[in-house]
Amino acid sequence: MWPEWVLGGASIGTIAVPTARYIVPRGTRDHRTDSLAASGSIDTIRRFFVTRSRAAAFVGVAYAFVVAMMGTTMPTPLYALYEIEFGFSVFVVTLVFAAYAVGVLGALLAFGRWSDSLGRRPMLLAAIAFGLVSAVVFVFAESLTALVIGRLLSGISAGIFVGTATVTLIELVPDKWRDRAPAIATAANIGGLGLGPLVAGLLAEYLPQPLRLTFFVDIVLLVVAAVAVFLAPETVRVARGARPHMQRLSVPADVRGTFLRASIGGFAGFAVLGLFTAVSPGFIAGVLQIDNHAVTGAVVFAVFAASATAQITVRKADPTSAQRWGCVVLMLGLVCLAVSLLVASLTVLIVAAVLCGVGQGVTFSNGMSAVDAELPPHRRAEVTSTFFVVLYVAISVPVIGAGAAASEWGLVAAGVLFSAVIAVLAGLAFVLLTVDGRKSRVARVP
């Protein structure tokens with residue numbers, strides 16, 4: 001899953017990345033391209049930054065990556081406040097959250113490869129602009145419609161940023177950090193997603209005006225990120241006359257079995273991520289009776305931190321075996337999630353968050369690795385994009401179902417039912433992976 005430099009649309013972290021076709025050769029002292037050849041003081045400043053330290057540019061883009069991802073999950077611990085402010089239910093919260101997934105999917109399909117044609121920096125700056133507009137919408141939000149628009153814009157920002165930032169980091173990384181680049185990209189991506197709820201929860205709990213202050217902080221961080229990206233060098237030579245194009249979706253017949261097995265496990269893992277991101281504030285406030293937004297943020301942070309740690313530490317494992325035990329860990333986490341709701345225990349919920357995060361991280365990263373290993377380079381982008389369509393359907397549709405069930409039968413019943421259904425799905429993935437593993441072993445016997 002971790003190709004080093006020329007990435008044919010492979011995946012690192014949580015989304016497909018563009019194809020690095022026009023990378024400036026490593027080892028050259030001047031990393032400027034035609035897009036950096038402008039005259040004037042701006043070019044002088046940027047030249048100084050580029051020649052001064054490629055490491056500084058790498059750190060700047062990594063910072064921007066973290067901040068951009070933070071902004072996409074900052075609303076999570078605030079959902080309980082929005083329920084009070086606007087008087088809507090957990091089901092409506094899931095619909096607001098689903099708007100984010102729609103934005104990610106739309107951006108992935110429409111803009112996923114544009115940085116190959118337009119350059120990395122313009123697309124990163126565009127993604128930050130979407131994030132800034134989203135934050136402004138949240139600052140002045142006075143209706144459900146505004147929240148949906150804000151989440152949609154946030155999703156578009158994430159969909160553009162993740163793939164482009166990942167490949168940009170790979171292209172900018174200094175020689176001495178080369179082996180760590182994939183781990184750094186994953187840490188920036190998933191770490192940012194986890195820091196968003198943690199920081200927003202602390203702001204909401206201990207400082208005034210949380211529904212506005214949180215997004216003012218986001219705006220300041222994004223402005224600094226925009227400066228860092230603007231000063232960074234362009235890493236592709238944009239071909240004259242190159243035009244951006246939509247990403248098509250397909251899965252070659254010879255990898256459909258592997259794709260199906262990876263998709264089922266990935267679907268289960270991303271459904272759990274969606275539940276913790278969208279519904280856990282309701283669980284914590286409504287079931288556990290804990291009215292502390294910092295606790296909500298910490299629980300969601302635990303899921304993402306566990307996922308990032310798992311993705312980084314097991315990336316060299318056998319993909320099929322890793323997916324199997326990842327499904328087992330995910331099932332254990334779902335059992336703990338159900339138990340935490342039945343006995344109203346925060347401790348058990350935190351254990352569930354860690355186990356679910358580990359299970360999700362392992363099944364996702366190794367599932368993508370298994371699929372990628374069977375693909376020719378020219379098919380990676382379309383298959384990876386298809387894989388993420390499945391995953392972002394998973395992060396939204398089951399959660400909407402859980403929200404509807406909560407409105408009808410209550411949070412505990414909805415959470416237990418969700419845990420049972422997704423555990424069965426993870427179990428199905430485990431069975432399919434086990435059968436495939438046995439067939440592979442038999443086929444290798446002379």
Side-chain angles (χ1 to χ4, degrees), residues 73 76-77 79-80 90-91 93-94 97-98 190 193-194 197-198 201 264-290 292-293 295-310 325-364 391 394-430:
T73 52
T76 295
Y79 285 142
V90 173
F91 174 63
V93 169
T94 62
F97 174 76
I190 309 296
L193 291 171
L198 185 64
I264 294 174
F267 190 102
F270 269 65
V272 174
L273 278 188
L275 184 78
F276 272 96
T277 307
V279 185
S280 63
F283 288 158
I284 293 170
V287 178
L288 306 186
Q289 299 297 308
I290 297 175
N292 187 307
H293 306 296
V295 171
T296 300
V299 170
V300 180
F301 172 78
V303 179
F304 285 107
S307 175
T309 302
W325 76 258
C327 288
V328 172
V329 174
L330 187 59
M331 287 187 284
L332 290 174
L334 288 162
V335 170
C336 289
L337 175 59
V339 171
S340 73
L341 298 176
L342 292 171
V343 303
S345 169
L346 176 62
T347 302
V348 180
L349 180 62
I350 293 173
V351 172
V354 172
L355 290 174
C356 287
V358 170
Q360 182 275 333
V362 172
T363 54
F364 159 69
L391 298 183
I395 210 172
S396 54
V397 174
V399 171
I400 293 174
S407 298
E408 188 69 24
W409 303 314
L411 283 166
V412 174
V416 172
L417 177 62
F418 178 94
S419 299
V421 171
I422 301 303
V424 169
L425 200 60
L428 174 61
F430 174 82

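Nothing fancy with the numbering, it's 1 onward along the sequence. Excluded from the calculations below are hydrogen atoms, water molecules and symmetry mates; all remaining heavy atoms, backbone and side chain alike, are included.
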### Summary
Interatomic distance, CG@Leu341 vs CZ@Phe418, rounded to 0.5 Å, equals 11.0 Å
### Task
Any chance you could measure Leu417, atom CG, to Ile422, atom CD1, to the nearest 0.5 Å?
9.5 Å
### Task
Just do the side chain to side chain contact (heavy atoms under 4.5 Å, CB included) check on Val279 and Val93 with the steps written out, would you?
CA-CA 8 Å; Val279 185; Val93 169; over 6 Å; no
### Task
Please examine the side chains of Phe267 and Thr363, heavy atoms only from C-beta on, and report whether any two atoms are closer than 4.5 Å.
no
#### Entry: Side chain to side chain, Val300 and Ser280, heavy atoms closer than 4.5 Å
yes
### Query
Looking only at heavy atoms, what is the nearest atom pair of Ala98 and Ile400, with distance?
CB-CD1, 3.6 Å
### Task
Compare every heavy atom of Val399 with every heavy atom of Gly274, then report the nearest pair and how far apart it is.
C-CG2, 3.3 Å
### Query
If you look at every heavy atom in Ala353 and Ala302, which pair is closest and at what distance?
CB-CB, 4.2 Å
### Task
Begin from the C-alpha positions of Gln360 and Val272 and carry the test side chain to side chain contact (heavy atoms under 4.5 Å, CB included) through to its verdict.
CA-CA 8 Å; Gln360 182 275 333; Val272 174; 5.9 Å; no
### Query
Taking atom OG1 of Thr76 and atom CZ of Phe276, what is their separation to the nearest 0.5 Å?
12.5 Å
### Query
Between CZ of Phe430 and CD1 of Ile264, what distance do you get to the nearest 0.5 Å?
14.0 Å
### Any donor-acceptor N/O pair, Thr94 side chain to Phe91 backbone, under 3.5 Å
yes
#### Entry: CG-CD1 distance between Leu349 and Ile284, expressed to the nearest 0.5 angstrom
5.5 Å
### Message
Give me the atom names and distance for the closest heavy-atom approach of Phe304 to Gly194.
### Response
CB-CA, 3.6 Å
### Message
Under the criterion side chain to side chain contact (heavy atoms under 4.5 Å, CB included), I'd like the reasoning laid out for Val358 against Trp325: C-alpha separation, chi angles, the key distance, then a yes or no.
### Response
CA-CA 10 Å; Val358 170; Trp325 76 258; 4.2 Å; yes
### Task
With Phe283 as reference, evaluate Val412, Leu275, Val299, Leu288 under the side-chain contact (heavy atoms from CB on, under 4.5 Å) test and give the passing residue.
Leu275
### Message
Run Ile350 and Leu346 through side chain to side chain contact (heavy atoms under 4.5 Å, CB included) and show every step you take.
### Response
CA-CA 6 Å; Ile350 293 173; Leu346 176 62; 4.1 Å; yes
### Task
State, to 0.1 Å, how close Gly333 and Leu355 come at their nearest heavy-atom pair, and which atoms those are.
CA-CB, 3.6 Å
### Message
Tell me the closest heavy-atom pair linking Thr73 and Pro77, and the distance in Å.
### Response
O-CD, 4.1 Å
### Summary
In this structure, OG of Ser307 is separated from CG of Leu193 (nearest 0.5 Å) by 9.0 Å
